[in-house]
Amino acid sequence: MKNEPKENLLDVLKKVVEAKDMEDSLVLNALKEALITAARKYLHVEKKIEVDFDEEANEIHVFLRVAVVDDYPDYDPNMTAGEVEELDKGYMLVEEARDFDEEAQAGDFLEVEIPISAFGRQAIQTAKQLLNQQIRDAERQKIMDTYRSRIGSMVSGEVIRLEQSNIIVRLGKQTEAMIPYREQIRRERWNQGSSIKAVIARVEESSKNGAQVILSRSNGDFLKELFRQEVPEIYDNTVEIKGVAREPGYRAKIAVFSRDEKIDPVGACVGMKGARVQTIVRELGNERIDIVQWNPDQDTFIQRALAPANVIKLIHVPETRRTVVIISDDNLALAIGKNGQNVKLAAELVQRNLDVFGEKEWSEKDDETKAKITTPSSADLNHANGHKASR
């Protein structure tokens with residue numbers, strides 16, 4: 001054809017496939033839909049258009065293919081309007097068919113090749129826009145499918161830029177992920193070109209990018225994955241992580257349990273001369289990590305979570321998730337921690353609300369006050385019921 005583009009469409013297609021790092025079938029389908037739209041715009045008909053790809057000859061052919069009829073056939077009355085409209089595209093009335101073939105008769109099958117070179121500028125532009133949209137949709141779906149199945153797993157990438165308070169990270173060849181400010185460790189500073197580790201927190205729909213992979217360095221999964229990488233016993237499931245509580249960049253508590261009685265879970269996580277845990281501490285900007293041996297007995301677990309503070313007594317408030325903890329006076333500050341950090345993390349780890357009192361303070365309270373503290377309130381019961389419902 002005289003006006004055919006110098007560069008073959010299949011060659012262009014292959015370049016798009018290579019540039020987008022996408023499956024051939026996804027881009028082929030996108031191009032097909034674009035050409036169908038352009039052909040219908042060129043012909044001014046909403047009829048069945050088919051696109052044939054001849055890869056051996058390196059050619060693309062576009063055809064109008066319809067059955068010629070005197071009248072449209074009767075369809076199943078239960079069909080929707082959309083289904084009827086789709087079937088109608090496969091038929092063309094005799095009078096309309098003769099615009100394409102003067103000798104067309106009812107019962108004929110009309111096949112007319114539509115020269116791509118004849119598509120007008122507007123039709124070509126429409127095709128390009130649709131092609132780009134189809135590719136963006138395919139890319140979005142690819143990102144969704146690839147990364148949603150990996151939520152909670154560790155990835156490594158490169159910081160490519162900083163946008164306001166967000167860190168933009170390149171994963172692989174094409175995917176850009178984001179670490180929002182709330183998913184960062186506050187005291188860390190990153191530069192363009194830096195290598196960075198994080199976990200996949202979620203995948204969100206984005207009007208700008210179609211799909212946005214959200215990474216995190218602040219959530220508990222990141223700490224879990226760091227231990228899984230550094231501690232072979234966790235990687236092979238001999239040692240299990242039972243829980244994590246974090247104040248990112250400052251302090252964390254992690255509960256571990258060994259399925260093998262011969263293996264000390266805390267010692268395995270600490271490593272020889274603290275080598276394993278120190279590697280993790282450095283990755284987290286010197287975040288302090290308390291490794292707690294999990295125990296199915298709640299009292300023992302709470303005591304270990306508050307260690308090295310000396311727990312004198314535990315009083316569990318019935319029908320609630322609240323526990324009153326009596327601590328020796330000389331350990332009270334240690335148990336509470338700076339700004340209440342230690343007891344807050346311990347409570348999160350054991351999944352109880354911990355009310356801490358010094359031994360002297362508790363002994364000075366009268367029986368009525370003690371009874372009031374250890375009796376469930378309506379707020380306690382609502383919280384406990386809410387926790388059960390969420391589970």
Side-chain angles (χ1 to χ4, degrees), residues 12-27 30-31 128-230 235 244 246-250 252 278-287 289:
V12 174
L13 175 62
K14 287 174 182 176
K15 289 179 182 178
V16 172
V17 173
E18 184 178 348
K20 294 294 183 181
D21 189 28
M22 294 170 62
E23 294 178 20
D24 291 22
S25 60
L26 293 176
V27 183
L31 181 63
K128 285 181 179 179
Q129 291 172 354
L130 182 59
L131 177 58
N132 286 330
Q133 183 59 50
Q134 291 274 347
I135 290 174
R136 282 195 296 272
D137 290 345
E139 288 178 319
R140 178 187 59 79
Q141 193 58 52
K142 181 182 177 182
I143 290 171
M144 291 290 206
D145 294 343
T146 299
Y147 290 98
R148 272 187 172 164
S149 62
R150 297 175 60 194
I151 289 174
S153 63
M154 180 82 76
V155 290
S156 296
E158 178 188 349
V159 176
I160 54 175
R161 65 182 181 277
L162 304 176
E163 288 185 355
Q164 298 176 341
S165 299
N166 303 322
I167 302 170
I168 309 302
V169 178
R170 178 181 290 115
L171 302 178
K173 293 181 180 179
Q174 297 293 328
T175 305
E176 287 189 5
M178 179 173 71
I179 309 180
Y181 181 71
R182 65 182 178 276
E183 301 290 352
Q184 299 169 28
I185 297 173
R186 296 291 183 265
R187 296 184 295 183
E188 290 184 330
R189 296 294 179 268
W190 295 91
N191 298 315
Q192 186 177 354
S194 299
S195 296
I196 190 168
K197 290 181 180 179
V199 291
I200 300 170
R202 57 192 178 277
V203 182
E204 298 177 345
E205 295 279 358
S206 167
S207 57
K208 179 180 178 182
N209 302 314
Q212 181 69 69
V213 179
I214 304 297
L215 305 180
S216 176
R217 287 177 59 83
S218 68
N219 70 17
D221 285 339
F222 184 52
L223 186 58
K224 287 181 183 180
E225 287 300 301
L226 288 173
F227 270 94
R228 188 169 284 112
Q229 285 189 350
E230 294 298 327
Y235 186 81
V244 169
R246 285 187 73 191
E247 189 167 328
Y250 296 96
Q278 281 306 313
T279 299
I280 296 169
V281 167
R282 285 193 295 271
E283 175 65 36
L284 298 175
N286 295 320
E287 183 174 314
I289 301 173

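Residues passing the side chain to side chain contact (heavy atoms under 4.5 Å, CB included) test with T146, sequence neighbours excluded: K142. Scanning for salt bridge (charged side-chain N to carboxylate O under 4.0 Å, His left out) contacts around E287 gives R246, with sequence neighbours left out. Partners of Q141 by side chain to side chain donor-acceptor pair (under 3.5 Å), not counting sequence neighbours, listed by chain and number: D145. Listed by chain and residue number, I160, R161, E163, E176, M178 satisfy the side chain to side chain contact (heavy atoms under 4.5 Å, CB included) test with I168 (two or more places apart in sequence, or in another chain). In terms of the salt bridge (charged side-chain N to carboxylate O under 4.0 Å, His left out) criterion, residue partners of E283 (sequence neighbours excluded) are, by chain and number, R217.
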### side-chain contact (heavy atoms from CB on, under 4.5 Å) evaluation trace for V159 with R170
CA-CA 6 Å; V159 176; R170 178 181 290 115; over 6 Å; no
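Minimum interatomic distance between A211 and R140 (heavy atoms only, all atoms of both residues): CB-CG, 3.5 Å. Between L171 and G157 the shortest heavy-atom distance is CD2-CA, 4.1 Å. For A252 against L223, the heavy-atom pair with the smallest separation is CB-CD2, 3.8 Å. Across every non-hydrogen atom of L284 and E188, the tightest pair is C-OE2, 4.3 Å. V244 and G220 make their closest contact through CG1-CA, 3.7 Å (heavy atoms, listed as atom of the first residue, atom of the second, distance). Shortest non-hydrogen contact noted between W190 and I167 is CD1-CD1, 3.5 Å.
Rounding to the nearest 0.5 Å places CD1 of I280 at 10.0 Å from CZ of F222. Going from atom CD of Q229 over to atom NZ of K224 covers 15.0 Å, rounded to the nearest 0.5 Å.
In this structure, D221 and I151 have side chains that are not in contact, with every pair of non-hydrogen atoms separated by 4.5 Å or more. Contact check for L215 versus I200: side-chain heavy atoms found under the 4.5 Å cut-off. In this structure the side chain of Y235 never reaches within 4.5 angstrom of the side chain of E230, judged on heavy atoms. Inter-residue side-chain proximity for Q212 and I143 is flagged as unmet; no heavy-atom pair is nearer than 4.5 Å. The side-chain heavy atoms of I214 and Y147, taken from C-beta on, include no pair separated by under 4.5 Å.
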Please set out all donor-acceptor pairs under 3.5 angstrom arising from side-chain atoms of residues 179-186, sequence neighbours excluded.
{"unit_1": "E183", "atom_1": "OE1", "unit_2": "S216", "atom_2": "OG", "d": "2.6"}
{"unit_1": "E183", "atom_1": "OE1", "unit_2": "S218", "atom_2": "OG", "d": "3.4"}
{"unit_1": "E183", "atom_1": "OE2", "unit_2": "R202", "atom_2": "NH1", "d": "3.2"}
{"unit_1": "Q184", "atom_1": "NE2", "unit_2": "S165", "atom_2": "O", "d": "2.7"}
{"unit_1": "Q184", "atom_1": "NE2", "unit_2": "I179", "atom_2": "O", "d": "2.9"}
{"unit_1": "Q184", "atom_1": "NE2", "unit_2": "P180", "atom_2": "O", "d": "3.3"}
{"unit_1": "R186", "atom_1": "NH1", "unit_2": "Y181", "atom_2": "O", "d": "2.8"}
{"unit_1": "R186", "atom_1": "NH1", "unit_2": "Q184", "atom_2": "O", "d": "3.1"}

